[in-house]
Amino acid sequence: MYCKATRTQIKLLLSQWGALLAFLLLLALALNNFVENVLEFQGTDALLMYHPAKMLSLSHNRSYYMADTIMMLVQLVPLLICIPAALSLSKEQHTGESVAMVARLGARTYLFSKITAVFVVTTLVFSVPFFIELALNCISFPLKGAGDFGNGNLYGSEYIETTKNFLFYPIYRISPYLYTVVGILHFGIVMGLLAAATTTLSALVRVKFRVVLLLPAFLLLELSAYLSQFFDVYWAHYVTLFHGEPRNDLVFGVVILALLAFVILGTLCASRKDWLS
């Protein structure tokens, strides 16, 4: 019952305007970056080309050359997190659909299938556009390109030490392309978890205006940006690719575990409410 309900919820959320709008905005950003790269580097000798993965919109390394895309991305993401799916439960509460779904499935199955669907849909919306960009880069630019936008010596000890600060450094050592795939998926999963936490909050606290639910994730990310003046906790440093500066990975891990615990425990708590009244 849970799996069937989750599949149904995923199909429903993917067909709604919010998921399509967020996907198209992120895809437009990624394609714009791809076109900029094509126009900028067309005709460049293959031996002088930058690594295709480091030219992605999600690549922190590209900001050393041109930072307009990643700056736009970090401003857009906090506003988009809840658009694809996170507001769906609140909508169903206002229309009365949640009462019918609880009567049919039971509160626990309904809520967990909804939270899972929100997580999956948001993860897809925030990762697929960049997988498309990666595929286009691999087709359009030489795969043997190894250049770095930081213009450092790729074989120097300083550069090697910098790569050790990559979030998935052991995977990067195996393959930069595998590292990129994992990094894009990681970006989507973090956004999916934030969206799931927002949906859990809407299950616990019913709000009159759904726009209020846009604030928690937005304020959390903006708070990390503000606190980065004092501590290295800026959210973008933990989800962008090829970020070689030192970070506090322990803090990031604690925040992720706290969000996960909130989603699970909050959903269990919400399932005990009287949803039929």
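- The environment of OH in Tyr226 is sparse: at most 12 heavy-atom neighbours from other residues, nucleotides or ligands sit within 6.0 Å.
- Shown here are the ring pair (Phe, Tyr, Trp, His ring centres under 6.0 Å) partners of Phe131, two or more places apart in sequence or in another chain: there are none.
- Screening Phe252, Tyr179, Phe126 for a ring pair (Phe, Tyr, Trp, His ring centres under 6.0 Å) involving His186 leaves a single residue, Phe252.
- In summary, the aromatic rings of Tyr177 and His51 are positioned with their centroids under 6.0 Å apart.
- Evaluated for a side-chain contact (heavy atoms from CB on, under 4.5 Å) with Tyr234, the options Val74, Thr240, Leu227 yield exactly one hit, Val74.
- Put simply, Leu29 and Leu79 are part of two different groups of oily side chains (I, L, V, M, F, W, Y) that touch within less than 4.5 Å, one to the next.
- The cluster map of Ile, Leu, Val, Met, Phe, Trp and Tyr, joined by side-chain heavy atoms under 4.5 Å apart, puts Leu25 and Phe218 in different clusters.
- Checking each of Asn37, Asn32, Asn33 against Thr69 for a side chain to side chain donor-acceptor pair (under 3.5 Å) leaves exactly one that passes, namely Asn33.
- Among pairs with a residue in residues 23-44, those fulfilling ring-ring contact (aromatic ring centres under 6.0 Å, His included) read Phe41-Tyr50, Phe41-Tyr65, at least two apart in sequence or across chains.
- A donor-acceptor distance shorter than 3.5 angstrom exists from the side chain of Ser88 to the backbone of Ala85, with no hydrogens or angles considered.
- Without hydrogens or angle criteria, Ser59 side chain to Met55 main chain gives no donor-acceptor distance under 3.5 Å.
- Of the N and O atoms on the side chains of Tyr238 and Ser224, not one donor lies less than 3.5 Å from an acceptor on the other residue.
- Under the rule for a side chain to side chain contact (heavy atoms under 4.5 Å, CB included), the partners of Leu250 that lie at least two apart in sequence or sit in another chain are Asn248, Val254.
- Between the side chain of Ser140 and the main chain of Asn137, no donor-acceptor pair closer than 3.5 Å is present.
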